Number of protein chains: 2
Amino acid sequence: MMIALPLLTTDAAACCSPVTGGVLTSDEAERIAHTFKALGDPTRVRLLSLIAASQGGEACICDLTEPVGLSQPTVSHHMKLLVDAGLAMREQRGRWAYYRVVDDALDRAAQALRP
Amino acid sequence: MMIALPLLTTDAAACCSPVTGGVLTSDEAERIAHTFKALGDPTRVRLLSLIAASQGGEACICDLTEPVGLSQPTVSHHMKLLVDAGLAMREQRGRWAYYRVVDDALDRAAQALRP
DNA sequence: ATGTCATATTGACAAACGTCGATACATCGA
DNA sequence: TCGATGTATCGACGTTTGTCAATATGACAT
């Protein structure tokens, strides 16, 4: 039986011993893989680039559904995964949920590849 | 119905417009995601780090099965995915298949995150 | 030629994933 | 308070993924 415990810190924040800097422990590999798994779907990559290119570097779900051509629940789901991985952050303002890219997280992920 | 066509160039080689450098096309997002999907499994991340840390920067399947604790076919399968993504390369020498990390591919992947 | 050894491929299976429609939740304006 | 609107969650589904045992392939030594 598997139990999913909530993480106190997002993955990308805890990341990242470099992949090529010595043998990684299972835990380190797990954290790194979790971050990259979030980047391993074309829709999510596209979402990040759309948000980053938006006015003020932020976008709400309603701005994103049409460009990616998927349903609102699906986009919401993908954004949740990106937030869980620490690659995006969410801010509720009124009825809208605004999302931003966490550049620091991208930096840390890059550091895991190019130490 | 899905048909998988062989790629003439490996993904990581063709990569990568930066994620945060303007809206990506579906094709660009697809290529980037394909690279990161290969990095999105803890076993594969571990394999890369094991190979990079090996004598001469190379390792054969037989060197890898025990450390990751998985069967030989499974390790072979993972290595195939890494090679397909351009993150590793394979060289047959006698009975053994030696694998190396393609540092350039890691660099390019990192560039997609931190332009 | 034959046997042995390292690796790849096949077939099968459970688990995880991406997607949607339907619905619940939250927030604002009237 | 009520309806409208943006978002999240739920339940379901087909597909993809990770894994293994069994088997095939290829290379060397005898």
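From a predicted model like this one, the values you see are computed outputs, not experimental measurements. First the proteins, then the strands, lettered A, B, ... as listed; each starts at 1.
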Mind listing the closest non-hydrogen atom pair of [X] and [Y] along with its distance?
X	Y	answer
B/Cys60	B/Trp96	SG-CD1, 3.9 Å
B/Pro67	B/Leu64	CD-O, 3.1 Å
A/Leu81	A/Arg44	CD1-NH1, 3.3 Å
A/Leu24	B/Ser49	N-OG, 3.0 Å
A/Lys37	B/Gly40	CE-O, 3.0 Å
A/Ala33	B/Pro42	CB-N, 3.3 Å

Residues which pass side chain to side chain contact (heavy atoms under 4.5 Å, CB included) with B/Asp103, listed by chain and number, not counting sequence neighbours
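With sequence neighbours excluded, B/Asp103 shows a side chain to side chain contact (heavy atoms under 4.5 Å, CB included) to A/Thr20, B/Val101, given in chain and number order.
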Please identify each residue that fulfils side chain to side chain contact (heavy atoms under 4.5 Å, CB included) with B/Val68, with sequence neighbours left out.
B/Arg46, B/Leu47, B/Leu50, B/Leu70, B/Val75
Both A/Gly69 and A/Gly94 contact DNA chain C. Taking the nearest nucleotide for each, which residue is further toward the 5' end?
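That would be A/Gly69.
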Can you give one letter per nucleotide of nucleotides 5-12 of chain D, going 5' to 3': B for a protein heavy atom under 4.0 Å from the base, S for sugar-phosphate only, - for none?
BSBBB---
Looking at A/Asp27 and A/Arg31, is there a salt bridge between them, counting it only when a charged N and a carboxylate O are closer than 4.0 Å?
no
A/His78 side chain, from C-beta outward: closest of C/dT19, D/dC20, D/dG18
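The nucleotide sitting nearest to the side chain is C/dT19.
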What is the distance from [atom1] of [X] to [atom2] of [N], rounded to the nearest Å?
X	N	atom1	atom2	value
A/Asp41	C/dT19	CG	C1'	11 Å
A/His34	C/dA16	NE2	P	13 Å
A/Glu30	D/dG18	CD	P	12 Å
A/Leu39	C/dC17	CG	P	15 Å
A/Leu81	C/dA16	CG	P	14 Å

With respect to the phosphate group of D/dT17, does any side-chain polar atom (N or O) of B/Lys37 fall under 4.0 Å of OP1 or OP2?
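Yes.
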Listed partners of B/Thr25 passing side-chain hydrogen bond (donor to acceptor under 3.5 Å, both in side chains), at least two apart:
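Testing B/Thr25 for side-chain hydrogen bond (donor to acceptor under 3.5 Å, both in side chains), a comparison that skips the adjacent residues, returns B/Glu28.
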Spacing of NE2 belonging to B/His77 relative to OG1 belonging to B/Thr43, to within rounding of 0.5 Å:
10.0 Å
Rounding to 10 degrees, work out the angle separating the end axes of the helix from C/dA1-D/dT30 to C/dA30-D/dT1 (five pairs an end).
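Answer for the end axes of this duplex: 20°.
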Which parts of residues 52-59 of chain A get close to DNA chain C, meaning a heavy atom less than 4.0 angstrom away?
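DNA chain C contact set from residues 52-59 of chain A: none.
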Pick base, sugar-phosphate or nothing for A/Arg93, based on heavy-atom distances below 4.0 Å to the nucleic acid.
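Answer is nothing: A/Arg93 stays at 4.0 Å or more from every strand.
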